[in-house]
Amino acid sequence: MTRRSLEGQVAVVTGAARGVGELLARKLSARGARVALVGLEPDELKQVAARLHTDCDHWHADVTDHEAMARVAQEVKERFGKVDIVVANAGVASGGPFADSDPVAWRRVIEVNLIGSAVTGRAFLPVLLESRGYFLQIASLAAITPAPMMSAYCASKSGVEAFAHSLRAEVGYRGVRVGVGYLSWTDTDMVRGADQDDVMRELRQRLPWPSNRTYPLGPAVDRIVAGIERRSAHVYAQWWLRGMQSVRGWLPGVIATVGQREMRRFGPRLDGVSKGLVGAGGAADEAKRTADR
């Protein structure tokens, strides 16, 4: 597909304080887009905004809050006059066996990743309809293949993939394009946070190549930017993920067999696996919820 210039386009990025969202905002800005940053960490968002090359602004908001996100959408439209691109990137993760998981953390992964994406889409869809714009939903390899010890994350990413596909069918005839972005393990605070747990790190390292690697952030985000320029229906941050689509029907059975073997191997150590949200983004989310109580 033909790439569109991002010069003068207005892009909204959620989860923009760090990781994929932060670097994506910088690369979109470097290509001439004006950027609206949305996240839970106002100080970090302010620092990101200071590094951008074009007109930008930032909003402190929880993507699961309907009223807050509706306000953000209205203020972004007033600030920039339009919205051309929305990237639903905000996400958190937790790990460990489901039976012993923290129900609050498990639910929060679903709320932020799935419900938060839907809230983001609902808030910005009216302005995307005006601009005949592009909504990119960030999903994951976890949407293509299930994995033990990641039940909440896999469920949430499968959910956002289905949500985006459904939304594409609903709004395509009105000029809005919808894409799904897939990433494998990428060098972010979230993945580094998960790797701090010995069992989670070793379990991941025992996955078959190439899914057992951690991939550099820069090339992954470059591929996402290229997908945005093309307004692609599917965006693959690592080259081999496209091929996973052709075998995804067999993956649940394979993972079930291999996963049972690995769970037996790690069985004596499972009680020590961390049950909370992982990484700096997870810590920011927990701090926000603590402050709200």
Checklist entry - Counting only heavy atoms not in Glu78, do more than 12 sit closer than 6.0 Å to its CD atom? => result yes

Next on the checklist: Taking Leu183 as the starting point, is it possible to reach Val13 by hopping between hydrophobic residues whose side chains are less than 4.5 Å apart?
Outcome noted: yes

Item to check | NZ/NE/NH1/NH2 to OD/OE distance under 4.0 Å, Arg204 and Asp195 | outcome: yes

Checklist entry - Taking 4.0 angstrom as the limit, do Asp198 and Arg201 come out as a salt bridge? => result yes

Checklist entry - Thr186 and Gln238: side chain to side chain donor-acceptor pair (under 3.5 Å), yes or no, with the steps? => result CA-CA 9 Å; Thr186 305; Gln238 284 83 29; 3.2 Å; yes

Checklist entry - More than 12 non-hydrogen atoms from neighbouring residues, nucleotides or ligands closer than 6.0 Å to CZ on Arg122, yes or no? => result no

Item to check | Hphob cluster co-occupancy, Val87 + Val127, side-chain heavy atoms under 4.5 angstrom | outcome: no

Checklist entry - Are any non-hydrogen side-chain atoms of Tyr182 and Gln245 less than 4.5 angstrom apart? => result yes

Next on the checklist: Any non-hydrogen side-chain atom of Leu270 less than 4.5 Å from a side-chain atom of Asp100?
Outcome noted: no

Checklist entry - Is it true that Glu22 and Arg51 have a side-chain N and a carboxylate O under 4.0 angstrom from each other? => result yes

Next on the checklist: Using side-chain heavy atoms (C-beta onward) and a distance below 4.5 Å, is Glu229 in contact with Arg4?
Outcome noted: no

Checklist entry - Is the side chain of Asn89 donor-acceptor paired with the backbone N or O of Gly15 at a distance under 3.5 Å, no angle test? => result yes

Item to check | Sole candidate of Val86, Ile85, Val119 that passes side chain to side chain contact (heavy atoms under 4.5 Å, CB included) when paired with Phe124 | outcome: Val86

Item to check | Side-chain heavy-atom pair Gln137, Thr120 within 4.5 angstrom cut-off | outcome: no

Next on the checklist: Any non-hydrogen side-chain atom of Tyr134 less than 4.5 Å from a side-chain atom of Gln9?
Outcome noted: no

Next on the checklist: Using only atom types and a distance under 3.5 Å, with no angle test, would you say the side chain of Trp185 pairs donor to acceptor with the backbone of Asn212?
Outcome noted: no

Next on the checklist: Donor-acceptor check, side chain of Glu161 to backbone of Lys157, threshold 3.5 angstrom: yes or no?
Outcome noted: no

Item to check | Verdict with reasoning, Gln74 to Arg71, per side chain to side chain donor-acceptor pair (under 3.5 Å) | outcome: CA-CA 5 Å; Gln74 179 181 350; Arg71 172 185 54 80; over 6 Å; no

Next on the checklist: Is it true that, when you exclude Lys46 itself, more than 12 heavy atoms of the residues, nucleotides or ligands shown sit nearer than 6.0 Å to its NZ?
Outcome noted: no

Item to check | Shared hydrophobic cluster for Leu207 and Trp250 (ILVMFWY, side-chain gaps under 4.5 Å) | outcome: no

Next on the checklist: When you compare the side chains of Thr64 and Glu111, does any donor N or O come within less than 3.5 Å of an acceptor on the partner?
Outcome noted: no

Item to check | Leu217 vs Thr188 side-chain heavy atoms within contact, under 4.5 Å | outcome: yes

Checklist entry - Any donor and acceptor pair, going by atom type alone, linking the side chain of Ser131 with main-chain N or O of Val83 inside 3.5 Å? => result yes

Next on the checklist: Is any side-chain heavy atom of Leu141 closer than 4.5 Å to one of Leu241?
Outcome noted: yes

Next on the checklist: Under a 4.0 Å threshold between the charged nitrogen and the carboxylate oxygen, would Asp285 count as salt-bridged to Arg18?
Outcome noted: no

Next on the checklist: Taking the side chain as everything from C-beta on, heavy atoms only, tell me whether Arg213 gets closer than 4.5 Å to Trp240.
Outcome noted: no

